[in-house]
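All heavy atoms count here, side chains included; hydrogens, waters and symmetry mates do not. Atoms within a ligand are numbered from 1 in the order they appear, just like the ligands themselves. Everything numeric here is computed off the predicted structure, so don't read it as measured data.
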Amino acid sequence: MPRMVTITVDGARILTPEGSNVLEAALEAGICIPNLCHVPGVTPLGACRVCVVEIIENGRRRLTASCTLEARDGMVIEAHSENVMRARRNIVELLLAEAPNSRAIQDLAARVGVTECRYPMRNNTCVLCGRCVRVCDEIWQSKSLGLVGRGPSRRVALPFDVRPDLCKRCNNCIQVCPMTITPCPGPLTEPAICARCESQTSMVENIPDTCVMCELGRGFQCARWQLKGLDARA
Ligand code: SF4
Ligand code: SF4
Ligand code: FES
C-alpha cells in the first residue's frame, strides 16, 4: 500500500498516494487544472504544458507541468496564481495558433481567458499531444502509432505509414484526439476564438464553481464528469 502524503493546492490540503501526479490529485479533489495531453491512467508525457502550476519551495517559486510532477509530502502548489494564469494563457494561445479550428482548443482558450491570438495561425491537424500514441501503446498494447521526427517535421505516424496488423481497430486513438471533437462553425470562419457562445464565456476561470460540464471536460475526464458518472451509476 503506497504511503499517503499531504500536498496543498490553492490552499486546499489534499491527501494522495506518494508519487502520484499532482494534476490527478488536484482533479480528484475538485480543483480543475486545465490540461490537454493528460489521459487518466496513462503515463504522463508533459507535452502541452497547459497544466502548468507554480511550486513553492524554500521561499522560491517555479513553474512546472503538474501532470509530470510527483506528489511529495508538504508540497505547496499554486494552480491559479497570476504567474500561472499568464503562462497558461500564453501556452494556450500558442496552441490556438497551431489549431484554431479545434473545438477542444477553442474551449480551452475560453476557459483560461484567451480571446485573441497574437501568433500567426497555422491550422495544423495535430498538436502533438501524444494522447493517441500512449493510449494505443498502454491501453491497447498495440504500438501501432509513434511520434517520429524532430522539430517542425515531428508527426504521429504508423510504421512505414501503413496500418499494421497489430492495430486492433479500436478507434480509441481517434476518440482521445483533441482534434476530432466536432468543431463549432464559428471558429471555422473567424481568425481566432470568438467566445460568443454562452458555454464558452461562462467557462473562464473560477472552475469548478462555474463549471458547465463542458464537452472538453467530458473528453478529458475532468473531475466533474467523473463525479457525474458516479452519480449516474448510483
Ligand atoms: S485503432 Fe489501432 S492505432 Fe488506433 S488505438 Fe486502436 S490499436 Fe492503436
Ligand atoms: S493525432 Fe491527435 S491525439 Fe494524436 S498527437 Fe496529434 S493531436 Fe494528439
Ligand atoms: S496535461 Fe500536463 S503537460 Fe499536457
Undergrad: For ligand 2, which atoms, with element, lie under 4.0 Å from some heavy atom of C126?
TA: 1 (S), 5 (S), 6 (Fe), 7 (S)
Undergrad: I'd like to know if L23 and I55 are part of one continuous hydrophobic network [Ile/Leu/Val/Met/Phe/Trp/Tyr, side-chain heavy atoms within less than 4.5 Å].
TA: yes
Undergrad: Among all protein heavy atoms in this structure, tell me which lies nearest to atom 7 (S) of ligand 1, with the distance rounded to 0.1 Å.
TA: K168 N, 3.1 Å
Undergrad: Set out, in order, the CA-CA distance, both residues' side-chain angles and the distance that settles side chain to side chain contact (heavy atoms under 4.5 Å, CB included) for M75 and L69, then state yes or no.
TA: CA-CA 10 Å; M75 205 173 229; L69 182 63; 3.9 Å; yes
Undergrad: Using a strict cut-off of 4.0 Å, indicate which atoms of ligand 3 neighbour a heavy atom of C48.
TA: 1 (S), 3 (S), 4 (Fe)
Undergrad: Using side-chain contact (heavy atoms from CB on, under 4.5 Å) as the criterion, point out the one residue from R86, R49, E54 that pairs with L63.
TA: E54
Undergrad: Taking only heavy atoms of S144 into account, list the atoms of ligand 1 that are under 4.0 Å away from them.
TA: 3 (S)
Undergrad: Restricting to non-hydrogen atoms, name the atom on C67 and the atom on C51 that form the minimum distance, rounded to 0.1 Å.
TA: N-SG, 3.4 Å
Undergrad: Regarding C37, does it place an N, O or S atom less than 2.8 Å from atom 8 (Fe) of ligand 2?
TA: no
Undergrad: Does V135 have a heavy atom less than 4.0 Å from any atom of ligand 1?
TA: no
Undergrad: Test side chain to side chain contact (heavy atoms under 4.5 Å, CB included) on I105 and E98; report intermediate values, then the result.
TA: CA-CA 10 Å; I105 291 170; E98 285 297 312; over 6 Å; no
Undergrad: Keeping the roles fixed (side chain from R88, backbone from I33), state whether a donor-acceptor pair exists under 3.5 Å.
TA: no
Undergrad: Which atoms of ligand 2 sit under 4.0 Å from any heavy atom of V156?
TA: 4 (Fe), 5 (S)
Undergrad: With a cut-off of 4.0 Å, which atoms of ligand 2 are near a heavy atom of G130?
TA: 5 (S), 8 (Fe)
Undergrad: Mind running side chain to side chain contact (heavy atoms under 4.5 Å, CB included) on V156 and C132 for me, showing each step along the way?
TA: CA-CA 9 Å; V156 171; C132 54; 4.0 Å; yes
Undergrad: Could you see which bit of C173 sits under 4.0 Å from ligand 1, with heavy atoms only: side chain, backbone, both or neither?
TA: both
Undergrad: Nearest non-hydrogen atom to atom 5 (S) of ligand 1 belongs to which of C170, C167, C132?
TA: C170
Undergrad: Only heavy atoms of C51, strictly under 4.0 Å: list the atoms of ligand 3 that pass.
TA: 1 (S), 2 (Fe), 3 (S)
Undergrad: Give the numbers and elements of all ligand 2 atoms closer than 4.0 Å to a heavy atom of M179.
TA: 7 (S)
Undergrad: Compare all side-chain heavy atoms of V53 with those of E78 and state whether any distance is below 4.5 angstrom.
TA: no
Undergrad: Give the atoms of ligand 2, by number and element, whose distance to some non-hydrogen atom of C129 is under 4.0 Å.
TA: 3 (S), 5 (S), 7 (S), 8 (Fe)
Undergrad: Show which atoms of ligand 3 fall inside a sub-4.0 Å distance from at least one heavy-atom site of C67.
TA: 1 (S), 2 (Fe), 3 (S)
Undergrad: So if I count the atoms of ligand 3 from 1 in the order they appear, which ones are less than 4.0 Å from some heavy atom of L36?
TA: 1 (S)
Undergrad: Within ligand 3, which atoms have a heavy atom of R49 less than 4.0 Å away?
TA: 3 (S), 4 (Fe)
Undergrad: Given the rule in the side chain to side chain contact (heavy atoms under 4.5 Å, CB included) test, do I14 and E28 qualify, once you have shown the distances and angles that lead to the verdict?
TA: CA-CA 9 Å; I14 300 170; E28 271 166 32; over 6 Å; no
Undergrad: Minimum heavy-atom separation for K143 and D137, please, with both atom names.
TA: NZ-OD1, 3.1 Å
Undergrad: Does V5 offer a backbone N or O that forms a donor-acceptor pair with the side chain of R72 under 3.5 Å?
TA: no
Undergrad: According to a 4.5 Å side-chain heavy-atom criterion applied to Ile, Leu, Val, Met, Phe, Trp and Tyr, with indirect links allowed, do M179 and V133 form part of one hydrophobic cluster?
TA: no
Undergrad: Pull out every atom of ligand 1 sitting under 4.0 Å from any heavy atom of R169, numbered as shown with elements.
TA: 1 (S), 2 (Fe)
Undergrad: Taking only heavy atoms of C37 into account, list the atoms of ligand 3 that are under 4.0 Å away from them.
TA: 1 (S), 3 (S), 4 (Fe)
Undergrad: Measure L128 to ligand 2 on non-hydrogen atoms and call it side chain, backbone, both or neither using the 4.0 Å cut-off.
TA: backbone
Undergrad: For C177, counting its heavy atoms only, list the atoms of ligand 2 lying under 4.0 Å from any of them.
TA: 1 (S), 2 (Fe), 3 (S), 7 (S)
Undergrad: With atoms numbered from 1 as shown, which atoms in ligand 1 lie under 4.0 angstrom from a non-hydrogen atom of N171?
TA: 1 (S), 6 (Fe)
Undergrad: Show the nearest heavy-atom pair for residues R163 and R169, with the distance to one decimal.
TA: CD-NH2, 3.2 Å
Undergrad: Could you list the atoms of ligand 3 found under 4.0 angstrom from a heavy atom of H38?
TA: 1 (S)
Undergrad: Considering only non-hydrogen protein atoms, determine which one is nearest to atom 8 (Fe) of ligand 1 and report residue, atom name and distance to 0.1 Å.
TA: C136 SG, 2.4 Å
Undergrad: With heavy atoms of A47 as the reference, note each atom of ligand 3 found under 4.0 Å away.
TA: 3 (S)
Undergrad: If you define the side chain from C-beta out and look only at heavy atoms, does anything of R118 sit under 4.5 Å from N90?
TA: yes
